[in-house]
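Input: a single structure, listed below in structure tokens.
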Amino acid sequence: MLVRDAMSRALLTVGPAHTLRQAAVLMSSRRVGAALVLDPEAAHPGILTERDILNSLGLGQDPDVERAHAHLTADVVLADPSWSIDDAVRAMAHGGFRHLVVLEGGEPAGIVSVRDVLRCLSRRGAI
């Protein structure tokens, strides 16, 4: 099974100036744990996760003031749709993260999460 078979193509995107509250509301309403942060000045998308928002709140920061660009992960691991699910698992385990941004032709094509990977592994009887 390949990453293209597991990834979600319905991407939630936010801009770098979105507040953490705005991002959290969108993530909650879409029931996703991460949003791509698209900044026209960046080489590739960043990712803002529920953990990033939680860390900010834990530091006592104001989610109505804090902006996505200040809390995103910019050095994301970029996956290719042709990666195997096993490749995705290795990347996530090695990097200690739960989401992979999938690029196709240099553009965001999807996102694959640990939940997506577990679903695929369960289907093929690996777990």
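Since we're looking at a predicted model, the values are computed, not measured.
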Checklist entry - Considering residues at least two apart in sequence or located in another chain, which fulfil the salt bridge (Lys or Arg N to Asp or Glu O under 4.0 Å) criterion with D5? => result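 Per chain and number, D5 pairs via salt bridge (Lys or Arg N to Asp or Glu O under 4.0 Å) with no residue.
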
Checklist entry - Partners of D116 by salt bridge (Lys or Arg N to Asp or Glu O under 4.0 Å), sequence neighbours excluded? => result R119

Next on the checklist: With no hydrogens and no angle check, just 3.5 Å: does a side-chain donor-acceptor pair link S82 and D80?
Outcome noted: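 Judged by distance alone, the side chains do pair up.
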
Checklist entry - Going from CG on L38 to NE2 on H18, what distance comes out if it is rounded to the nearest 0.5 angstrom? => result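 Nearest 0.5 Å value for the CG-NE2 distance: 10.5 Å.
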
Linking I/L/V/M/F/W/Y whenever their side-chain heavy atoms sit closer than 4.5 Å, directly or via other members, would [X] and [Y] fall into one cluster?
| X | Y | answer |
| --- | --- | --- |
| V77 | V112 | yes |
| I53 | L12 | yes |
| W83 | L118 | yes |
| L11 | I47 | yes |
| V3 | L121 | yes |

Check whether any side-chain heavy atom of [X] sits under 4.5 Å from a side-chain heavy atom of [Y], and report yes or no.
| X | Y | value |
| --- | --- | --- |
| V14 | Q22 | no |
| R67 | L20 | no |
| D52 | L72 | no |
| L2 | P81 | no |

In a table with atom names and distances, give each donor-acceptor pair under 3.5 Å that connects a side chain of residues 88-111 to protein atoms at least two apart or in another chain.
from, atom 1, to, atom 2, distance (Å)
R90, NH2, D87, OD1, 2.8

Item to check | side chain to side chain contact (heavy atoms under 4.5 Å, CB included) involving D75 - partner list, sequence neighbours excluded | outcome: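 Only T73 meet the side chain to side chain contact (heavy atoms under 4.5 Å, CB included) criterion with D75.
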
Item to check | N55: partners by side chain to side chain contact (heavy atoms under 4.5 Å, CB included), with sequence neighbours left out | outcome: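 N55 satisfies side chain to side chain contact (heavy atoms under 4.5 Å, CB included) with R51 only.
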
Return a table of donor-acceptor pairs under 3.5 angstrom between the side chains of residues 29-37 and protein atoms on other chains or two or more places apart.
from, atom 1, to, atom 2, distance (Å)
S29, OG, V25, O, 3.3
S29, OG, L26, O, 3.0
R30, NH2, A10, O, 3.3

Item to check | Shortest non-hydrogen separation from M7 to R9 and the atoms involved | outcome: CE-NH1, 3.1 Å

Next on the checklist: Please give me the minimum heavy-atom distance between L48 and A68, naming the atom from each residue.
Outcome noted: CD2-CB, 4.1 Å

